[in-house]
*Asks:* 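Dropping the structure in here first, questions after.
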Protein chains: 2
Amino acid sequence: MSATVPIADALKVSCSSCNLRELCLPVGLSHDDLARLDELKLVRKAVPRGGELFRCGDRFESLYAVRTGFFKTCLGSEDGRDQVTGFQMAGELLGLDGIGTGVHGVDAVALEDSQVCVISYREIGELGQQFPQLQQQLHRILSREIVRDHGVMLLLGSMRAEERLAAFLLNLAQRLKARGFSSTALVLRMTREEIGSYLGLKLETVSRTFSKFQEEGLLAVKQRDIRILDEAGLQRLVNGAGC
Amino acid sequence: MSATVPIADALKVSCSSCNLRELCLPVGLSHDDLARLDELKLVRKAVPRGGELFRCGDRFESLYAVRTGFFKTCLGSEDGRDQVTGFQMAGELLGLDGIGTGVHGVDAVALEDSQVCVISYREIGELGQQFPQLQQQLHRILSREIVRDHGVMLLLGSMRAEERLAAFLLNLAQRLKARGFSSTALVLRMTREEIGSYLGLKLETVSRTFSKFQEEGLLAVKQRDIRILDEAGLQRLVNGAGC
DNA sequence: CGGGGATTTGAGCGCATTCAAACGCAGTGG
DNA sequence: CCACTGCGTTTGAATGCGCTCAAATCCCCG
């Protein structure tokens, strides 16, 4: 099935009126710039649960900002092996890895019914000439993605299963908190298998580790509903494991 | 021409005369643009073996392009744990992860006596306004770094020791080849421990895997001198392992 | 209410790790 | 010239964490 939806003018949105602007590309722009930035007529696009926003190998033309919903990005190698490289929630950008090659390097799949803003990369380039701040901001976002990836590399390269899951949950909670949601009660949008793929673990290990955290009183786990009971305890697992 | 700090002319270098320009930031610039780009008076800086170009936490002000030599970047977490996040050779950029936060997020250490070009990020921003191509190129480089990191994440998350080392060696060989060096005879600039840190393995495992590759006729290993005897065999390890 | 995917839990195994010891090599000083 | 030292590397043996295989259970959704 195709995720594409016929686009109507009614779906156009502007950054200046978006309640996600503090989390999204326009961060750091002056109010004036932001108003003028609305020349960048953003098109909204809906992606149903399970739908693909783009696929590995598709030509890169746009960045996508998540307005609502939740995505995963998957890297697939030539053989069957594939891996989740990230989860994206409201305000986060998708498609950054396509800039370098002109081709998307991952699949982007909606884990729930979602909406994104389609940001033409060509237009961004042109507007960047007028708004140095915007240019700068794109640099910053790209750079932060690199920093984020380094964090994942540290996780994958030197943490044990419990530490990985603890770090994952804390990161998720922190991002939810930044969006005004509860940072202790979270509903996981992804399966155990997808968590495992992201963390370099098998789904059984993820499940077992959830159970262990529950036994230890760190979490209350009911399928995909997670309540964090001892945030400090999780943090200790991540930091203090080397001691 | 602006007032300049008294820097010995001998240390000034220009991109247009650099034999690394095809591998470095100016890739894709027209000849004219390249000539004008020399306004960006690059300063060369020497870093002795073991010296730190910058440290995690240092304020970010410049990007660095490796002219000669070899670097590693290390991510250190609050506890003792630290991890090598990458190795950089001639033509590759260092410091990209500092753009987002204004602070370097890794240590950059020279693994042999090296020279770098110091590229003021402020100047890059200004020149980017005049040379859209340069701006684009920086985007591409940042994006490619993200793609590279995704590759490492795949490696760390889903490969076994042999596959990791094979992928590492092939990547190194390919980069050396692009620089005109032999792609079959390589001298490792890093220790087994640093390789292991990068690959998420212990140094003993790295050493054992080297020995195994030698027994199998894939490599000739003499300490840090490696000769690749069966490139296709290594490639098979990386790709076909899932089958 | 039934079917199918997701999750949980158990048992046994294997790969990478840990701990330990020996070796090679470069640099230093007697 | 050789002994000595320090560091990196190699190799061995035993351990353990996460994986594989398997079965039972839960839950969503038609």
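Chain letters run A, B, ... following the sequence lines, proteins first and then strands; every chain starts at 1. Below, all heavy atoms of this structure are taken into account, side chains as well, without hydrogens, waters or symmetry copies.
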*Asks:* Please collect all ring pair (Phe, Tyr, Trp, His ring centres under 6.0 Å) contacts where either partner lies in residues 176-195 of chain B, sequence neighbours excluded, each pair once.
*Replies:*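 Applying ring pair (Phe, Tyr, Trp, His ring centres under 6.0 Å) to every pair that reaches into residues 176-195 of chain B, excluding sequence neighbours, yields nothing.
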*Asks:* Round to a whole Å and report the spacing from CG of A:Leu111 to C1' of C:dG5.
*Replies:* 16 Å
*Asks:* A:Phe213 has an atom CZ; how far is it from atom P of C:dT9, in whole Å?
*Replies:*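 For the pair A:Phe213 CZ and C:dT9 P, the rounded distance is 15 Å.
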*Asks:* Can you build the contact string for nucleotides 9-25 of chain D? Use B for base contact, S for sugar-phosphate-only contact, and - for no protein heavy atom under 4.0 Å.
*Replies:* SBBBB----SSBB----
*Asks:* Any side chain to side chain donor-acceptor pair (under 3.5 Å) involving residues 59-73 of chain A? Give me the pairs, sequence neighbours left out, ordered by first then second residue.
*Replies:*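 Every pair satisfying side chain to side chain donor-acceptor pair (under 3.5 Å) with a residue in residues 59-73 of chain A: A:Arg59-A:Glu61, A:Lys72-A:Glu194, A:Thr73-A:Thr85, A:Thr73-A:Gln88.
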*Asks:* Expressed in angstrom and rounded to an integer, what is the separation of A:Leu188 atom CG from C:dA6 atom P?
*Replies:*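 Computing the A:Leu188:CG to C:dA6:P distance gives 15 Å.
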*Asks:* Please list all pairs passing the side chain to side chain donor-acceptor pair (under 3.5 Å) test where one or both residues lie in residues 213-233 of chain A, with sequence neighbours left out.
*Replies:*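 The answer is none; no pair qualifies.
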*Asks:* Suppose we screen for side chain to side chain contact (heavy atoms under 4.5 Å, CB included). Which residues come up paired with B:Asn19, at least two apart in sequence or across chains?
*Replies:*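 Residues passing side chain to side chain contact (heavy atoms under 4.5 Å, CB included) with B:Asn19: none at all.
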*Asks:* Donor-acceptor pairs are to be reported for all side-chain atoms of residues 104-117 of chain B against protein atoms at under 3.5 Å, with residues two or more places apart or in another chain.
*Replies:*
| residue | atom | partner | partner atom | Å |
| --- | --- | --- | --- | --- |
| B:Asp107 | OD1 | B:Cys56 | N | 2.6 |
| B:Glu112 | OE1 | B:Arg189 | NE | 3.4 |
| B:Glu112 | OE1 | B:Arg189 | NH2 | 3.4 |
| B:Asp113 | OD1 | B:Arg49 | N | 2.7 |
| B:Ser114 | OG | B:Phe70 | N | 3.1 |
| B:Ser114 | OG | B:Glu112 | O | 2.6 |
| B:Gln115 | OE1 | B:Arg44 | NH1 | 3.3 |

